[in-house]
> 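One structure follows; several queries about it will come next.
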Amino acid sequence: AMRIAAATIDEAESKRFLNKVLPNDKDHRVRSAGVDALADLEEGWEDLVIGRLGDPVWGVQLQALRIIERRELQAAVPHMINVLAKCSPRVQVEVGKVLKAFTGENFDPYHEVWSQWWEDHKEQFKNSPKMLKGGKQEPQQDVEFYGLRVKSDRILFIIDVSASMKLKTKNDNPKERWKEPPTTTGDDEPPPPPPPEEILSGPKIDVAKHELKKAIKKLPKGTTFNIIAFNHLAKQWKPKMVEASEKTKKDAYKWMRALKPAGNTYIDGALRLGFRLAGLENFDKAYPDIFVDTIVLVSDGAPTDNAFNAKNMDPQIILDHVKEWNKRKHVVIHCIGVDMVEGVQFLKDLAAQNGGTYVDR
């Protein structure tokens with residue numbers, strides 16, 4: 001019905017239907033379908049799409065934003081500024097990119113900064129539609145992982161635990177020497193971890209655990225997260241995303257401590273499991289419930305298959321799989337290469353094709 005109404009938007013009844021249902025339908029998939037149907041209309045779509053910038057579901061906000069960007073709808077500028085006050089970190093980043101492209105300014109995506117800019121330039125937008133309600137932007141602490149700053153409150157960490165992760169890093173900084181922890185016996189608890197701010201060298205798996213613990217420790221309230229560890233298999237910490245709390249963080253640390261390096265580097269399987277967790281393989285492939293907006297992948301080698309005698313896997317096959325799973329580009333993928341020899345270009349391509357950043361450590 002939403003698609004039919006959009007196709008006949010010039011009819012009074014269709015316009016009434018769209019104005020009533022698009023903001024009010026409880027099922028976000030219906031609202032998402034409506035935004036889709038409006039995307040390529042010649043006229044009459046502007047107010048309806050701008051209104052979805054204030055949608056309670058981030059995926060619908062992102063859809064509206066991408067239409068606004070593609071159609072170069074300058075009238076949306078004040079609405080994007082207002083939305084910065086109450087959207088998720090991931091949407092803030094995307095809104096910031098569009099505002100920069102539309103205005104030529106280079107401000108960070110903070111509501112207060114852009115609001116001040118608006119006060120000085122609003123005369124340029126006299127004919128823009130009615131403003132959305134603004135609000136005070138709640139500060140959101142970035143997630144920092146291996147020095148990479150990530151803006152997300154729905155983050156999935158995917159960690160390589162293949163056999164090569166037992167090797168020591170090539171970090172030669174004398175201030176970052178790895179200190180072998182004292183041995184433990186039986187069921188003794190492992191030794192206390194080093195100070196959170198200390199950067200370590202040594203076995204790559206230990207550095208990865210340390211960096212991951214630092215990142216999880218600082219996850220703010222309201223953030224949901226999960227962890228996948230992979231070698232020739234892929235296993236997840238929890239069956240679904242969980243909210244960051246003192247209890248869930250401690251559970252994550254305990255699960256991480258048990259990870260041991262072995263096997264190969266089946267990145268394709270890890271990403272497949274990641275997108276399943278994200279909700280992008282559920283029953284509604286067109287408009288799924290999306291639980292992850294950012295993946296951070298850590299690996300130290302070229303991707304392999306999961307055969308008994310594993311061989312390097314064609315990276316293009318993996319990139320094609322991800323392209324299919326991430327059709328709407330809802331999920332950003334950042335990649336961290338640790339002492340990479342092979343597979344660097346694959347991780348760079350994976351990040352670049354999915355809106356992320358590649359970091360070489």
Side-chain angles (χ1 to χ4, degrees), residues 2 6 22-23 25 27-41 45-102 108-111 114 132 137 140 142-143 150-156 222-224 241 274-275 277-282 284-296 322-334 351-357:
M2 191 75 80
L22 198 56
D25 197 285
D27 191 335
H28 73 88
R29 292 168 298 179
V30 174
R31 303 195 303 274
S32 183
V35 174
D36 255 4
L38 294 166
D40 296 313
L41 296 182
W45 57 274
E46 294 89 344
D47 291 12
L48 292 164
V49 171
I50 286 175
R52 290 306 86 221
L53 286 173
D55 198 276
V57 173
W58 69 275
V60 180
Q61 289 180 301
L62 210 55
Q63 274 183 281
L65 185 65
R66 286 176 176 156
I67 295 169
I68 288 165
E69 180 181 25
R70 179 167 62 85
R71 303 291 293 272
E72 298 181 351
L73 184 58
Q74 295 282 335
V77 167
H79 305 276
M80 290 189 284
I81 292 172
N82 279 324
V83 135
L84 283 174
K86 46 194 172 185
C87 62
S88 70
R90 167 69 198 289
V91 176
Q92 284 175 0
V93 171
E94 299 297 332
V95 169
K97 290 177 183 176
V98 180
L99 283 172
K100 288 180 181 181
F102 279 15
D108 288 329
Y110 297 117
H111 178 255
W114 279 103
L132 299 173
Q137 183 174 1
Q140 173 74 38
D142 294 347
V143 180
V150 180
K151 288 186 178 292
S152 172
D153 57 2
R154 303 173 183 85
I155 186 167
L156 173 63
T223 300
T224 58
M241 300 289 283
F275 276 98
L277 269 174
L280 292 166
E281 287 191 357
N282 71 9
D284 190 337
K285 293 182 180 180
Y287 308 105
D289 288 310
I290 307 167
F291 307 109
V292 174
D293 65 28
T294 304
I295 289 173
V296 185
V322 173
K323 185 177 181 180
E324 175 65 24
W325 301 329
N326 204 19
K327 279 181 181 178
R328 294 173 175 267
K329 304 291 184 186
H330 281 302
V331 182
V332 164
I333 303 178
H334 300 292
Q353 292 176 19
N354 293 279
T357 300

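The residues of the chain are indexed from 1 along the displayed sequence.
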> Report yes or no: does Asp55 contribute a side-chain atom to a donor-acceptor pair with the main-chain N or O of Val57 at less than 3.5 Å?
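Checking the backbone N and O of Val57 against the side chain of Asp55, a donor-acceptor pair under 3.5 Å is found.
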
> Would you say the side-chain atoms of Arg29 pair up with the backbone N or O of Ala286, donor to acceptor, closer than 3.5 Å?
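It does not hold such a pair.
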
> For atom NZ of Lys323, is the number of surrounding heavy atoms from other residues, nucleotides or ligands below 6.0 Å larger than 12?
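Atom NZ in Lys323 is not packed in, count stays at 12 or less.
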
> In the structure I gave you, are the side-chain heavy atoms of Gln61 and Pro56 within less than 4.5 Å of one another anywhere?
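Of all side-chain heavy-atom pairs linking Pro56 with Gln61, none is under 4.5 Å.
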
> Kindly give the heavy-atom pair with the smallest separation between Gly279 and Pro288, and that separation in Å.
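Scanning both residues completely, I find the closest heavy atoms to be O-CB, 3.3 Å.
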
> Where do Ala64 and Val49 come nearest, in terms of heavy atoms and distance?
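Here Ala64 and Val49 meet closest at CB-O, 3.5 Å.
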
> Hey, is the main chain of Arg328 close enough, under 3.5 Å, to the side chain of Arg66 for a donor-acceptor pair?
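Looks like yes, one N/O pair under 3.5 Å.
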
> State the OH-CG distance between Tyr287 and Asp36, to the nearest 0.5 angstrom.
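Output value for this atom pair is 3.5 Å.
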
> Just verifying a value: how many Å separate Leu53 CG and Leu62 CG, rounded to the nearest 0.5 Å?
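Between Leu53 CG and Leu62 CG, I get 10.5 Å after rounding to 0.5 Å.
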
> How many angstroms lie between atom NE2 of His334 and atom CD1 of Ile155, to the nearest 0.5 angstrom?
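That separation rounds to 7.5 Å.
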
> Does one side chain, of Ser88 or Asp153, offer a donor that lies under 3.5 Å from an acceptor on the other?
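The answer is no; no qualifying pair exists.
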
> Work out which heavy atom in Thr224 is nearest to a heavy atom in Phe291; give both atom names and the distance.
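Thr224 and Phe291 have their closest heavy atoms at OG1-O, 4.3 Å.
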
> Under a 4.5 Å cut-off applied to non-hydrogen side-chain atoms, are Thr294 and Lys151 in contact?
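Result no, sub-4.5 Å side-chain heavy-atom pair not found.
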
> In Å and rounded to the nearest 0.5 Å, what is the CE to CG distance from Met80 to Leu73?
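Here the rounded value is 8.0 Å.
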
> With heavy-atom distances below 4.5 Å as the criterion, would you say the side chains of Gln353 and Val322 are in contact?
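Result no, sub-4.5 Å side-chain heavy-atom pair not found.
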
> Would you say that Phe275 contacts Val331 through its side chain, given a criterion of any heavy-atom pair below 4.5 Å between the two side chains?
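Answer yes - side chains close enough.
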
> Looking at every non-hydrogen atom in both residues, tell me the closest pair between Arg70 and Ala39 and how far apart they are.
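Smallest heavy-atom distance, with atoms named: NH2-O, 3.4 Å.
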
> CZ of Arg90 to NE2 of His330: how many Å apart, nearest 0.5 Å?
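It comes to 8.5 Å.
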
> With a 4.5 Å heavy-atom cut-off, do Val332 and Asp293 have their side chains touching?
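With C-beta onward as the side chain, the pair stays apart.
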
> Looking at Asp108 and Trp114, what are the two nearest heavy atoms and their distance?
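Of all heavy-atom pairs spanning Asp108 and Trp114, the closest is O-NE1, 3.2 Å.
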
> What distance separates Asp25 CG from Met2 CE, expressed to the nearest 0.5 Å?
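Taking CG in Asp25 and CE in Met2, the distance rounds to 6.0 Å.
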
> Heavy atoms, side chains only, cut-off 4.5 Å: are His111 and Ile81 in contact?
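The answer is yes; the side chains approach within 4.5 Å.
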
> Would you call Gln74 and Phe102 a side-chain contact if the rule is heavy atoms closer than 4.5 Å?
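SC-SC contact between Gln74 and Phe102 confirmed.
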
> Is the number of heavy atoms from other residues, nucleotides or ligands within 6.0 Å of NZ (Lys329) greater than 12?
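Enclosed: over 12 neighbouring heavy atoms sit under 6.0 Å from NZ of Lys329.
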
